[in-house]
Undergrad: 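Okay, handing you the structure first.
Small disclaimer: the values here were computed from a predicted structure and weren't measured. Worth knowing before you read on, the calculation uses all heavy atoms, side chains too, and leaves out hydrogens, waters and symmetry mates.
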Amino acid sequence: MPLWYGGDYNPEQWPEEVWAEDVALMRRAGVNLVTVGVFSWSRLEPSEGRYTFGWLDRVLGLLADGGIRVGLAVPTASPPPWFSLAHPDALTVTRDGVRLTHGSRDTYCVSAPAYREASLRITRALGERYRDHPALAMWHVHNEYGTPCHCDHAAAAFRAWLRERYGGLDALNDAWTTAFWSQHYSDWAQITPPRATQYLPNPAQALDFRRFVSDEMLAHFREQRDLLRELTPEVPVTTNYVLAGWASVDHWKWSTEVDLVAIDDYPSGPGMAAAEQTAFAADLARSWAGGRPWLLMEQATGYVLGPRKGPKEPGEIARHSMQHVARGSTGVMFFQWRASRGGAEQWHPGMVPHTGPDSRVFREVSALGEALERIPAPYDGPLVEAEAAILWDEEAWWAAQGPGLPSSEIDYLAAVQQAHRVLWRQGVPTCFAHPSHDLPTYRAVLVPSLYLISDEAARNLAAYVEGGGTLVVSFFSGITDEHTRIRLGGYPGALREILGITVEEFRPLGEPVELPEFGRATLWSEVVHLDGAEAVARYPGGGPAVTCHRLGDGTAWYVSTRLDDPGYAQVLTRAGLAGSGVPGVEVVRRRDLVFAVNHTEDERPVPVQGTDLITGKPVGGRLGPGGYVVVRP
Ligand code: GLA
């Protein structure tokens, strides 16, 4: 099977004359899959129950004739104006109690009965009409699930979710520590979503609401998925995860429910930072997919985040794409095919830019399409052997975003990204794992700032170390249980015995301090007592800063402050996890293929021999500036 190549195609934004040119250009660029209809609800159902499928019939017909398959979207991410007018109670309410109005997208309450019914109705209509269409390759439900709502529908659903979780109010009152500030609940009706409060809200309530929102959106996804599975049992159903700073859902949980893990990836770039972020996103996706194939559903031909947007540098589109394919993506997809001329995202780049096909971007897009045709799609099995795992847990992230923490500058995502970046630069193949996953195969497990850890996860980590593993834990880990209650007797309660230390106090840092061998430490420091561990580095005042503890057959390291990248890399080296990567050159082995990408502007050595599948030329141990090769050694 070939790799998928294409992007979101929004033909409803263009006059029909453009469609034939679109298909011709898609063929020229090697496009074989497009996502159609993500935001087309108002054009498909212009009033309740009245469908206008004619245009979509024609689009799908043209695509099918051109040999292009379709990921057909269920357009529930953007209900039409008539729906919002008829059901104002289904519009999103923010935590401040503001009911949003129509005029953007994703303005719905996922718990509103009218929205749930309307979603199923349009899904059924699409499913019944296109179930046998030759272009249909997959179903793409919704888009980037992630809108929380705080309205009364959400409140009712939240209460039902809480009843299920806790059984009774006693358990809830205990878990939420409602004895504090007179919050004891004596009736379920008293419980609301965490709406705007006078002062700090209850952290356990806030955390449970994040869990609820993820589950509630998952219930919405499942409803569409089950209906589509009934109509088209052979067609995979997916949805695209939003990444970057939006931890909107519990991706481990969701990934057991989708037929294909799909992500959207928008590095903030440019240059090496973008390459690092791309590798990070792709390793996450592969890990969520259980090491098996997944799909890059969206990326862009330019940079779309931050204050300054602009095109990717020459060659970056292909290099980022290869990073994804190397890590098991079954294709390369973009948002979107043609850059829009109007609408909220009119400045978002496309595969066909505003300039048209006679452009650098379209030439690069076409060259990439040609290259991808020469790379086989990944096997349906474990793809990349990782030597190191980084623990990743959205629940812990949500907890670390809670109110009133000892430092407002603790940044879980940044901590995880640093761990990944340092391993990536050293050329260590890395994956992500949930704290409760089976870990024994990894040479090392990194635990960056994992504030919340369950008892089960703590036992898992202890077993990993005792069995011979190397654990590297960073500050602000293991502090609370799953209800964000602090584990008493000294921090980090869940990990004290594993690490052989007790932390008596946290001392957030104003000014940086220097640690011998490990360099600059910022943000955070701790008063650490040794209970079996040895101090590997000490603060200027003499207290342990980095420690190492032998436990069973393994070793557990603790870093009680935030180190810069070189300092963190030095900890990993001391922990025996130094890689042998060539700086700026990424080498990834995907089963029987080796991908090498040179992210620098110089020629670099590559430890790869063989014939490049893309050019058919031998790879002589060197890679030109910005080049990439795919080799079957
Ligand atoms: C997301 C969405 C797209 C588009 C892009 C813009 O990935 O799914 O609809 O808004 O972001 O970057």
Undergrad: So do W41 and S78 actually touch side chain to side chain, heavy atoms under 4.5 Å?
TA: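 SC-SC contact between S78 and W41 ruled out.
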Undergrad: Begin from the C-alpha positions of Q417 and W424 and carry the test side chain to side chain contact (heavy atoms under 4.5 Å, CB included) through to its verdict.
TA: CA-CA 10 Å; Q417 282 176 328; W424 183 82; over 6 Å; no
Undergrad: So with a 6.0 Å cut-off around CD of E21, is the heavy-atom count from everything else above 12?
TA: yes
Undergrad: Other residues, nucleotides and ligands only: do more than 12 of their heavy atoms fall within 6.0 Å of CZ on R43?
TA: no
Undergrad: Is the backbone of H320 close enough, under 3.5 Å, to the side chain of T278 for a donor and an acceptor to pair up by distance?
TA: no
Undergrad: Is the closest side-chain heavy-atom distance between F362 and D358 below 4.5 Å?
TA: no
Undergrad: Hey, does the side chain of R28 reach the backbone of P357 with a donor-acceptor pair shorter than 3.5 angstrom?
TA: no
Undergrad: Between R229 and D259, does any side-chain N to carboxylate O distance fall below 4.0 Å?
TA: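 Yes, R229 and D259 are salt-bridged.
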Undergrad: May I ask you to check whether T232 and W139 show a side-chain donor-acceptor distance below 3.5 Å?
TA: yes
Undergrad: Any side-chain heavy atom of P633 sitting closer than 4.5 Å to one from V608?
TA: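 They are not in side-chain contact.
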Undergrad: Can you find a heavy atom in the side chain of L228 that is under 4.5 Å from one in the side chain of V74?
TA: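 In short, these two side chains touch, coming nearer than 4.5 Å.
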Undergrad: Is a salt bridge present between D592 and R632, judged by a nitrogen-to-oxygen distance below 4.0 Å?
TA: yes
Undergrad: Between S248 (side chain) and Y145 (backbone), is there a donor-acceptor pair under 3.5 Å?
TA: yes
Undergrad: Are any side-chain N or O atoms of Q224 and backbone N or O atoms of H220, one a donor and one an acceptor, separated by less than 3.5 Å?
TA: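 Yes; at least one donor-acceptor contact below 3.5 Å.
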Undergrad: Would you please say whether a donor-acceptor pair under 3.5 Å links the side chains of Y266 and E298?
TA: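 The criterion, which ignores hydrogens and geometry beyond distance, is satisfied for E298 and Y266.
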Undergrad: Mark yes or no: R129 above the aromatic ring of F53, with NZ or CZ under 6.0 Å from the six-membered ring centre and no more than 45 degrees from the axis.
TA: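 No, a cation-pi geometry is absent between R129 and F53.
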Undergrad: When you check the gap from the basic side-chain N to the acidic O, do E128 and R124 get nearer than 4.0 Å?
TA: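 Yes, E128 and R124 are salt-bridged.
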Undergrad: Check whether any side-chain N or O of R374 sits under 3.5 Å from a backbone N or O of I614 as a donor-acceptor pair, and report yes or no.
TA: yes
Undergrad: Please find out if less than 6.0 Å separates the ring center of W392 from that of H420.
TA: no
Undergrad: Is R27 atom CZ crowded by more than 12 heavy atoms from other residues, nucleotides or ligands, each under 6.0 Å away?
TA: no
Undergrad: For L3, is there any backbone N or O sitting under 3.5 Å from a side-chain donor or acceptor partner on N32?
TA: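 The answer is yes, because a donor-acceptor pair under 3.5 Å joins these two groups.
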Undergrad: For the aromatic rings, using the six-membered ring if either is Trp, is the centroid distance between H142 and Y108 under 6.0 Å?
TA: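 Yes, close enough.
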Undergrad: Show your reasoning for whether side chain to side chain donor-acceptor pair (under 3.5 Å) applies to H348 and Q336.
TA: CA-CA 8 Å; H348 194 287; Q336 56 181 332; 5.6 Å; no
Undergrad: Angle class for the F221/W254 ring planes (parallel below 30°, perpendicular above 60°, tilted otherwise)?
TA: tilted
Undergrad: Does a side-chain heavy-atom distance below 4.5 Å link L593 with I375?
TA: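 L593 reaches I375 side chain to side chain.
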Undergrad: Can you tell me which residue among V629, V597, L623, V594 is in a side chain to side chain contact (heavy atoms under 4.5 Å, CB included) with V587?
TA: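 Single side chain to side chain contact (heavy atoms under 4.5 Å, CB included) partner of V587 among V629, V597, L623, V594: V594.
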Undergrad: Using modelled atom types and a 3.5 Å cut-off, is there a donor and acceptor pairing between side-chain atoms of R225 and backbone atoms of E257?
TA: yes
Undergrad: I'd like to know whether the aromatic ring centres of Y115 and H87 sit less than 6.0 Å apart in this structure.
TA: no
Undergrad: Counting C-beta onward and ignoring hydrogens, is there a side-chain heavy-atom pair between V93 and R99 closer than 4.5 Å?
TA: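 In short, these two side chains touch, coming nearer than 4.5 Å.
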Undergrad: Is there a donor in the side chain of S111 and an acceptor in the side chain of E216, or the other way round, less than 3.5 Å apart?
TA: yes
Undergrad: Report the C-alpha separation of W246 and E144 in whole Å, then their side-chain angles, then the decisive distance to 0.1 Å, and conclude whether the side chain to side chain contact (heavy atoms under 4.5 Å, CB included) test is met.
TA: CA-CA 10 Å; W246 293 282; E144 297 188 335; over 6 Å; no
Undergrad: Measuring only between side-chain heavy atoms, which start at C-beta, is R116 closer than 4.5 Å to L120?
TA: no
Undergrad: Using side-chain heavy atoms (C-beta onward) and a distance below 4.5 Å, is Y5 in contact with S321?
TA: no
Undergrad: Has E385 got more than 12 heavy atoms of other residues, nucleotides or ligands less than 6.0 Å from its CD?
TA: no
Undergrad: Looking only at heavy atoms, which two atoms of R319 and N598 are closest? And how far apart?
TA: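 That would be CD-O, 3.5 Å.
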Undergrad: Judged by atom type as modelled, is there a donor-acceptor pair below 3.5 Å linking the side chain of R338 to the main-chain atoms of G350?
TA: no
Undergrad: Please step through side chain to side chain contact (heavy atoms under 4.5 Å, CB included) for the pair L56 and Y130, ending with a clear verdict.
TA: CA-CA 10 Å; L56 187 56; Y130 298 109; 3.4 Å; yes
Undergrad: So N240 and N143, side chain to side chain contact (heavy atoms under 4.5 Å, CB included) or not? Walk me through it.
TA: CA-CA 6 Å; N240 50 335; N143 188 66; 2.7 Å; yes
Undergrad: Would you say R210's side chain and A247's backbone share a donor-acceptor pair under 3.5 angstrom?
TA: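 Confirmed, R210 side chain pairs with A247 backbone.
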Undergrad: State yes or no: are the ring centers of H102 and W82 separated by less than 6.0 Å?
TA: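 Between W82 and H102, which both carry aromatic rings, the centre distance is not below 6.0 Å.
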Undergrad: Does R58 count as lying over the ring of W19, i.e. NZ or CZ under 6.0 Å from the six-ring centre, within 45 degrees of the axis?
TA: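 So R58 doesn't make the cation-pi contact.
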Undergrad: Strictly below 4.0 Å, N to O, side chains only: are R121 and E45 in salt-bridge contact?
TA: yes
Undergrad: Can any side-chain N or O of T238 pair as donor or acceptor with the backbone N or O of L260 at less than 3.5 Å?
TA: yes
